Amino acid sequence: MLRRALFLSSALWLSPAYAGEPPAPTQTAPGMMRDIFAPLTLPDAPNRYRSGSGLPGPDYWQNRADYTIQARIDTATHILHGDETITYTNNSPDALDELWVQLDQNIYKDGARSTFTNPERHPRHTDGVTIEHVGIVVNGHETIVTPTISDTRMQVRLPADLQGHGSRLKLHVAWHHTIPGVWGGRTAVTPTKDGDIYEVAQWYPRMAVYDDKRGWDTLPFLGQEFFLDYGDFDYAVTVPWNFTVVGSGALTNPAEVLTAKERDRLAQASKSDTRVMIRTAEDVTDPASHLARSGEKTWHFHMTNTRDVSFAASPVFVWDAARINLPPLPPAPGMKPVPRLAMSVYPREGIGPTGWDRSTEYVKHAIEYFSQQWFEYPWPNAVNLGGHGAGMEYPGIVFDGWDDKGVALFFITTHELGHGWFPMIVGTNERRNAFMDEGFNTFIDAYASQHFNHGEFAPKQDGEYAPKTGRPAEDILSVLKDPQAPTLMLPSELVSEKYRHPVTYFKSAYGLTLLREQILGPDRFDAAFRRYIKTWAFKHPGPSDFFRFMSSETGEDLTWFWRGWYFENWSPDYAIDSLSRTPDGIRVTVRDKGRLLLPVTLRIDYADGTHADRVIPTESWYLHDSIDITVAGSKTATRVTLDPDHALPETDRSDDQRAF
């Protein structure tokens with residue numbers, strides 16, 4: 001139910017339906033209420049980098065990493081060879097004597113830390129990353145350096161300090177690694193009946209983040225997710241002649257890798273709201289459908305202002321596309337704007353009316369809906385890959401399963417593309433605060449499910465949200481009642497797999513639903529949340545920034561909610577203690593038994609079949625845990641009910657209703 005709470009306790013008594021003065025409390029609980037409403041010390045204190053309003057402070061800074069990458073896949077050995085130059089800009093006030101680089105492929109080495117923390121994810125191993133060359137380039141002169149590699153991190157000590165306030169250098173790295181088989185999960189070689197699909201992610205040495213909160217943030221990669229700086233990417237991928245490559249950003253050399261027919265079909269797709277086949281099922285087995293007949297081709301991509309890039313390459317791709325109804329963008333600087341495309345690539349096994357035939361329809365809806373509702377999608381294209389089925393997101397491309405169908409394909413497509421907003425646009429630290437990534441995205445997904453095709457797949461009910469009944473207020477109770485359940489503020493790596501979806505996804509998402517629908521109302525919430533996204537787009541907010549921003553922007557002291565839902569696993573629980581008639585109407589005694597004091601609706605049902613609702617605001621409980629409410633009126637009341645629509649996650653509803 002969408003409704004507004006009354007935010008001042010006095011407002012309850014000013015309503016014409018109430019008679020007399022506000023009643024005196026029937027019972028006080030000063031100790032408990034002091035705990036619930038006490039000031040909350042957030043993890044990060046405000047300063048000149050991050051203000052008390054949740055806005056970036058006047059001295060906020062962020063470093064930058066721009067990449068030029070050349071890669072080649074040896075399909076005989078599954079080895080990716082790469083050479084990159086990173087232009088690193090130090091915008092901090094500090095001089096840096098070292099750089100830290102992430103080598104995520106080392107997660108697959110035998111003996112990696114991840115094999116001990118998550119052994120079930122690593123049944124097989126590779127040799128990890130082999131670093132062939134590291135050089136520091138300053139003023140065109142390269143100095144070879146010897147890095148120190150520790151698990152999934154590489155420390156590069158600099159010949160001379162890199163000064164702050166905008167100084168830059170170039171880091172040159174050459175490497176190779178074996179792309180894992182399907183056991184690699186998010187990056188894998190997946191066999192199909194027509195050939196292999198290469199899903200290539202976490203594939204290049206990536207700069208760690210240096211920021212105002214921790215300096216170098218060097219948490220090892222244990223199998224969770226990422227934290228990265230933004231920059232421009234120019235990358236090229238060399239593959240056999242019969243491969244098709246799709247990737248983050250825009251293809252900048254279509255004439256060199258696509259046939260005239262494929263380019264014409266892409267032009268048709270740029271004008272179509274329904275999918276156009278770029279490569280058909282027949283093309284997959286027809287060598288003449290390719291531009292070349294032998295050798296290799298190099299596919300060149302560009303993506304502006306992104307934190308990451310990934311790609312997929314295969315000879316088996318069926319490929320379709322439709323336009324995204326957003327303003328055209330240039331594929332790369334200096335090129336003229338072109339229409340943006342929603343695209344899907346998948347093997348022939350994925351074809352079907354409930355399968356990947358509808359994928360591009362889902363891609364198009366997700367990008368257009370999230371752009372309209374929250375913040376415009378900033379990149380050229382959006383690609384859905386049907387492959388191994390890792391269910392994993394990267395900017396501009398997501399990796400899903402070719403055998404996904406029906407509602408499962410809709411949910412996974414929408415969810416993974418929703419990650420374009422969290423954490424690809426709003427660049428939160430997934431390795432530390434995954435609830436700001438998975439939960440915030442799951443929240444916007446739930447509304448996308450309602451919006452798509454008149455609610456064809458609504459309500460959202462899957463492993464991420466309301467998994468049992470589709471009613472989140474009921475399904476979250478198992479978490480709230482579980483004394484072993486972690487809180488949302490527990491560091492991501494300490495949340496076990498048992499609780500990862502129920503807490504990190506579901507509880508985080510449902511918290512925003514409660515904030516929007518039960519505490520603030522959609523108008524205030526939506527305006528604030530949109531400004532939060534716009535304010536922190538391509539930046540690095542933390543939980544403290546979000547909590548401060550939403551409180552300040554909505555004009556509401558939400559300390560009690562942040563404490564109860566995010567720092568604790570508290571729940572609401574109200575009771576009707578007594579009910580009586582008065583000469584002018586009725587009197588209801590309502591008692592609080594819980595610790596999460598959400599606004600709650602009191603409904604009065606009348607003998608004539610009508611009813612009246614009154615909202616008991618949070619402030620009613622500041623000084624006591626029981627209040628008397630007098631409702632004036634001449635109509636005969638028959639029953640009173642708390643939370644009649646079951647909108648709140650109450651742990652005990654047995655005392656929510658009384659009849660005369």
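Just so we're clear, the structure is a prediction, and the values are computed from it rather than from any experiment.
Asn106 meets the side chain to side chain donor-acceptor pair (under 3.5 Å) test with no other residue; sequence neighbours excluded. Under the rule for a ring pair (Phe, Tyr, Trp, His ring centres under 6.0 Å), the partners of His451 that lie at least two apart in sequence or sit in another chain are His365, Tyr369. Remark: His419 pairs with His415 by the ring pair (Phe, Tyr, Trp, His ring centres under 6.0 Å) rule, at least two apart or across chains. When the ring pair (Phe, Tyr, Trp, His ring centres under 6.0 Å) test is applied to Phe422, the partners found at least two apart in sequence or on another chain are Phe440, Phe529. Every residue was checked against the side chain to side chain donor-acceptor pair (under 3.5 Å) condition with Asn91, not counting sequence neighbours, and none meets it.
Among residue pairs with one or both ends in residues 434-454, none qualify as salt bridge (Lys or Arg N to Asp or Glu O under 4.0 Å); sequence neighbours excluded.
Aromatic pair Tyr235/His300: centroids not less than 6.0 angstrom apart. In this structure, the ring of Phe435 has its center no less than 6.0 angstrom from the ring center of Tyr505. Aromatic rings from Tyr377 and Trp421 are positioned such that their centres are separated by under 6.0 Å. Checked against a 6.0 Å centroid threshold, the rings of Tyr60 and Tyr49 do not count as neighbours. Tyr67 has its ring centre less than 6.0 Å from the ring centre of Tyr204. Less than 6.0 angstrom separates the ring centroid of Tyr566 from the ring centroid of Trp562.
Residue Glu376 places its CD atom among more than 12 non-hydrogen atoms of other residues, nucleotides or ligands, all under 6.0 Å distant. Applying the 6.0 Å contact sphere to CZ of Arg168 captures no more than 12 heavy atoms from other residues, nucleotides or ligands.
With 3.5 Å as the limit, one finds no donor-acceptor pair spanning the side chains of Asp232 and Asn305. Side-chain contact, Asp94 with Tyr210: a donor N or O sits under 3.5 Å from an acceptor N or O. Using a 3.5 Å distance cut-off with no hydrogens or angles, the side chains of Asp320 and Tyr346 do pair a donor with an acceptor. Thr360 and Ser344 share a side-chain donor-acceptor pair at under 3.5 Å. Looking at Asn384 and Ser359, their side chains do bring a donor and an acceptor atom within 3.5 Å of each other. Side-chain contact, Lys507 with Asn569: a donor N or O sits under 3.5 Å from an acceptor N or O. Checked by atom type, the side-chain pair Thr513/Tyr465 shows a donor-acceptor distance below 3.5 Å.
Between Leu488 and Val503, some side-chain heavy-atom pair lies under the 4.5 Å cut-off. Considering only heavy atoms from C-beta on, Thr190 stays 4.5 Å or farther from Tyr198 through its side chain. Taking 4.5 Å as the limit, every side-chain heavy atom of Ile278 sits out of range of all side-chain heavy atoms of Met343. Annotation: side chain of Phe525 is not in contact with side chain of Thr554 (no heavy-atom distance under 4.5 Å). His302 is not listed as a side-chain neighbour of Met335, based on a closest heavy-atom distance of 4.5 Å or more. Contact check for Arg307 versus Phe226: side-chain heavy atoms found under the 4.5 Å cut-off. Looking at heavy atoms from C-beta onward, Pro378 lies in side-chain contact with Ile425 at the 4.5 angstrom threshold.
Between Phe410 and Tyr362, the ring planes are perpendicular. Angles over 60° get that label, and only those under 30° would be called parallel.
In this structure, Arg531 is not positioned above the aromatic face of Phe375 in the sense of NZ or CZ being under 6.0 Å from the six-membered ring centre and within 45° of the axis.
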Between Phe311 and Trp299, is a ring-ring contact (aromatic ring centres under 6.0 Å, His included) present by the stated rule, with each step listed?
CA-CA 11 Å; Phe311 68 90; Trp299 299 65; over 10 Å; no
Evaluate the criterion side-chain hydrogen bond (donor to acceptor under 3.5 Å, both in side chains) for residue pair Lys170 and Thr85; output intermediate values, then yes/no.
CA-CA 6 Å; Lys170 293 182 184 296; Thr85 298; over 6 Å; no
